[in-house]
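Just so you know, residue 1 is the first one in the sequence shown, and it goes up from there.
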Amino acid sequence: AFLSQYPSPMEKHVTAVETVEEKTDLSTGIIYRRRIATCQNVIPEILRKVTTFREIYVLKVPNIYLEEESWLNMQKRNMAMKTHCLTWTQYASLSEESVFRESLENPNWTDFTQKGRISVTGAGLLNYVLEAFAQSFLKQGVKKGIKIMETLLQEQCG
C-alpha cells in the first residue's frame with residue numbers, strides 16, 4: 001500500500017514519483033522497485049538565503065530529489081525500503097531505512113522499524129541548524145507516514 005498518484009492531499013510535499021526500475025526475482029519472488037521522488041523544498045526561506053556554502057544560494061532550489069529502493073517479499077510478508085537524498089550530496093547526507101514485517105505476536109499486525117541518518121558539512125556553524133531542522137522534519141514525516149499507511153490500510157481492508 002503506497003500513494004500511487006501525486007500530488008496527493010495525504011502528502012502535499014511530494015509532487016511526483018517515477019518508477020525507474022522494477023523487476024521480480026523469479027527464484028525468490030521478491031519484487032524490487034527503484035523510484036525517484038520529486039519533493040518541494042521545505043527548508044525555511046531564511047535558511048535558503050545563507051551564503052556560507054561554497055556555492056551561493058545552494059539551498060535555494062524549488063525541488064529536492066529522493067531515490068527510494070524497495071524489496072517486497074510476499075512469501076515472507078515483509079518489505080524493506082531504503083531512501084536517500086540525491087540533492088545536495090556534496091553538502092548533506094540523508095538516508096532512511098524502513099522494514100515492514102508480519103508481527104510474531106499476531107499475523108494480522110505489522111511490525112514497523114525505521115532508522116535514519118543526517119549529516120551536513122560545508123555550512124560552518126549552520127551545520128547544526130540544518131541538521132536539527134532536517135531531524136525535526138523527518139520525525140514529523142515518520143508520524144505522518146504512519147498515519148497515511150493506517151488510512152490506506154483502513155480504506156483497502158476495512
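Atom OG of Ser70 sits about 10.0 Å away from atom CZ of Phe100, to the nearest 0.5 Å. Once rounded to the nearest 0.5 Å, the distance linking CG of Asn63 with CG of Leu86 reads 12.5 Å. Residue Trp88 holds its CH2 atom at 9.5 Å from CG of Leu94, rounded to the nearest 0.5 Å. With rounding to the nearest 0.5 angstrom, the SG atom of Cys39 is 7.0 Å from the CD1 atom of Ile64. Rounding to the nearest 0.5 Å gives a distance of 11.0 Å between CH2 of Trp71 and CE of Met79.
No continuous path of ILVMFWY side-chain contacts below 4.5 Å connects Met74 to Trp109, so the two sit in separate hydrophobic clusters.
At a threshold of 4.5 Å between non-hydrogen side-chain atoms, the residues Arg101 and Thr110 do not count as touching. Within the 4.5 Å cutoff, side-chain heavy atoms of Ser103 are placed close to those of Asp111.
Heavy atoms only, all atoms of each residue included: Thr87 and Tyr65 are closest at OG1-N, 2.8 Å. A pairwise comparison of heavy atoms in Val17 and Ala37 identifies CG2-CB, 4.1 Å as the closest pair.
Of the residues Ile36, Thr38, Thr83, the one that meets the side chain to side chain contact (heavy atoms under 4.5 Å, CB included) test with Leu66 is Thr83. When Lys115, Arg117, Glu67 are each tested for a side-chain hydrogen bond (donor to acceptor under 3.5 Å, both in side chains) with Ser95, only one passes: Arg117.
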(message) Is there a side chain to side chain contact (heavy atoms under 4.5 Å, CB included) between Glu97 and Met81? Walk through the geometry before answering.
(response) CA-CA 6 Å; Glu97 295 179 19; Met81 297 172 66; over 6 Å; no
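Counting only N and O atoms by type, the side chains of Arg35 and Thr19 include no donor and acceptor under 3.5 Å apart.
Pairs of residues two or more places apart, or lying in two chains, that qualify as salt bridge (charged side-chain N to carboxylate O under 4.0 Å, His left out) and include a residue from residues 76-89 are Arg77-Glu102.
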Which donor-acceptor pairs under 3.5 Å do the side chains of residues 20-29 make with protein atoms, sequence neighbours left out?
{"from": "Glu21", "atom 1": "OE1", "to": "Arg34", "atom 2": "NE", "distance (Å)": "3.3"}
{"from": "Glu21", "atom 1": "OE2", "to": "Lys23", "atom 2": "NZ", "distance (Å)": "3.4"}
{"from": "Glu22", "atom 1": "OE1", "to": "Arg33", "atom 2": "NE", "distance (Å)": "3.3"}
{"from": "Glu22", "atom 1": "OE2", "to": "Arg33", "atom 2": "NH2", "distance (Å)": "3.2"}
{"from": "Asp25", "atom 1": "OD1", "to": "Ser27", "atom 2": "N", "distance (Å)": "2.8"}
{"from": "Asp25", "atom 1": "OD1", "to": "Ser27", "atom 2": "OG", "distance (Å)": "2.6"}
{"from": "Asp25", "atom 1": "OD1", "to": "Thr28", "atom 2": "N", "distance (Å)": "3.3"}
{"from": "Thr28", "atom 1": "OG1", "to": "Ile30", "atom 2": "N", "distance (Å)": "3.2"}

